[in-house]
Engineer: 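Quick one: the structure is below, and I'll ask about it shortly.
Since this is a predicted model, take the numbers as computed values, not measurements. Order of appearance sets the numbers: ligands from 1, and atoms from 1 within every ligand.
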Amino acid sequence: MLYVKNLEKSYQSGNKSYPVLKGIDLTVAQQEFVAVMGPSGSGKSTLLNCISCYIPFENGTIRLGGQELKGLDEESLARIRNEKLGFVFQDFMLLDGLTVRENILVPRIIQGSVSKDAKALADKLLSLFGIEHIAHKYPAEISGGERQRTAVARSLINQPLIILADEPTGNLDSKSSLAVINAFENAKEHLNATIFMVTHDSYAASFCDRVILLKDGKVYNTLEKKEDRSHFQDRLLASIKEMSTES
Ligand code: ADP
Ligand code: MG
């Protein structure tokens, strides 16, 4: 589904170049729920933005559903963004003047038409994520967890190849975080969704099938969940501790 090989990205400042991603290799399979963790500044958002077609990268390969990103023009990249990717951000990014149900349909409205099928999928998502009772409320009238579940539903309305989420639980209390993680799990189970999530929260990450640890722009370790959630979280925390004590 997602294939990243030897990805390198630097930022320029004056005539200096600061390497941020220094040869990242990773893959995400269809219907996998994968988290990326790592210290602040390790390049997590930069990695996500490269995969999102938001920023260019110098070296390496990114393939999404078999399609290579390098060499595509702006128009093709915009089409991939709109049709093949779903996004969930830390601060929801909902439109205040639209209801929950209308917000979920926004990506279809942008494409020019809202079909019967799209409306049916919106209603299915509302029910799957337990937010049908607030379908006609506005973002200001609902909780943070409900806003983020609305954003997850919106990210799925185009049936994307993959959902890219940057700190989706970053602004939520633990109960709301769990509701959002459950929404991802439901999307995976019932809609075959594939999710790639950046998080600093080991609790949220412990629900994933696999966790990729990033350090200084490289993959430090990849942990696959083979045990129950709470033991996986313990193993995760041990690996993060080891990563932070190694220089
Ligand atoms: P993370 O999400 O893991 O905290 P980022 O990918 O946001 O890390 O940032 C990695 C490094 O790249 C940091 O040192 C940050 O200061 C730098 N950086 C991020 N975005 C830019 C930018 N647009 N221009 C220059 N430097 C940037
Ligand atoms: Mg970040």
Engineer: Output side-chain donor-acceptor pairs under 3.5 Å for residues 61-69, partner residues at least two apart or in another chain, one line each.
Structural biologist:
none

Engineer: Which N, O or S atoms belonging to the protein are less than 2.8 Å from the Mg ion (ligand 2)?
Structural biologist: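 Listed by chain and number, the atoms are Ser45 OG.
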Engineer: Just the distances, no angles: every ligand 1 N or O to protein N or O pair closer than 3.5 Å, one line each.
Structural biologist:
{"unit_1": "ligand 1", "atom_1": "2 (O)", "unit_2": "Ser45", "atom_2": "N", "d": "3.0"}
{"unit_1": "ligand 1", "atom_1": "2 (O)", "unit_2": "Ser45", "atom_2": "OG", "d": "3.0"}
{"unit_1": "ligand 1", "atom_1": "3 (O)", "unit_2": "Ser42", "atom_2": "N", "d": "3.3"}
{"unit_1": "ligand 1", "atom_1": "3 (O)", "unit_2": "Gly43", "atom_2": "N", "d": "3.1"}
{"unit_1": "ligand 1", "atom_1": "3 (O)", "unit_2": "Lys44", "atom_2": "N", "d": "2.9"}
{"unit_1": "ligand 1", "atom_1": "3 (O)", "unit_2": "Lys44", "atom_2": "NZ", "d": "2.8"}
{"unit_1": "ligand 1", "atom_1": "4 (O)", "unit_2": "Gly41", "atom_2": "N", "d": "2.7"}
{"unit_1": "ligand 1", "atom_1": "6 (O)", "unit_2": "Thr46", "atom_2": "N", "d": "2.9"}
{"unit_1": "ligand 1", "atom_1": "6 (O)", "unit_2": "Thr46", "atom_2": "OG1", "d": "2.5"}
{"unit_1": "ligand 1", "atom_1": "8 (O)", "unit_2": "Gly43", "atom_2": "N", "d": "3.3"}
{"unit_1": "ligand 1", "atom_1": "20 (N)", "unit_2": "Tyr11", "atom_2": "OH", "d": "3.4"}

Engineer: Can you tell me if CD on Glu75 sees more than 12 non-hydrogen neighbours from other groups inside 6.0 Å?
Structural biologist: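 No, the 6.0 Å shell around CD holds no more than 12 heavy atoms from other groups.
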Engineer: May I ask you to check whether over 12 heavy atoms, not counting those of Lys119, lie within 6.0 Å of atom NZ?
Structural biologist: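 Count not over threshold, so no.
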Engineer: Got Lys9 and Glu58 here, is their nearest side-chain heavy-atom distance under 4.5 Å?
Structural biologist: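 Yes - at least one pair of side-chain heavy atoms lies under 4.5 Å apart.
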Engineer: When you compare the side chains of Asp234 and His231, does any donor N or O come within less than 3.5 Å of an acceptor on the partner?
Structural biologist: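 Their side chains do not contain a donor-acceptor pair, so the 3.5 Å distance test is not met.
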Engineer: Quick one: are Glu246 and Tyr220 in side-chain contact, heavy atoms under 4.5 Å?
Structural biologist: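 A side-chain contact under 4.5 Å exists here.
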Engineer: Donor-acceptor pairs under 3.5 angstrom involving side-chain atoms of residues 77-94: please list them, not counting sequence neighbours.
Structural biologist:
{"unit_1": "Arg81", "atom_1": "NH1", "unit_2": "Cys53", "atom_2": "O", "d": "2.5"}
{"unit_1": "Asn82", "atom_1": "ND2", "unit_2": "Ala78", "atom_2": "O", "d": "3.2"}
{"unit_1": "Gln90", "atom_1": "NE2", "unit_2": "Asn171", "atom_2": "OD1", "d": "3.4"}

Engineer: Between Phe207 and Phe33, does a ring pair (Phe, Tyr, Trp, His ring centres under 6.0 Å) hold up when you go through it step by step?
Structural biologist: CA-CA 8 Å; Phe207 288 86; Phe33 185 9; 8.3 Å; no
Engineer: Can you confirm whether Lys70 is buried at NZ, in the sense that more than 12 heavy atoms of other residues, nucleotides or ligands lie under 6.0 Å from that atom?
Structural biologist: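 Yes.
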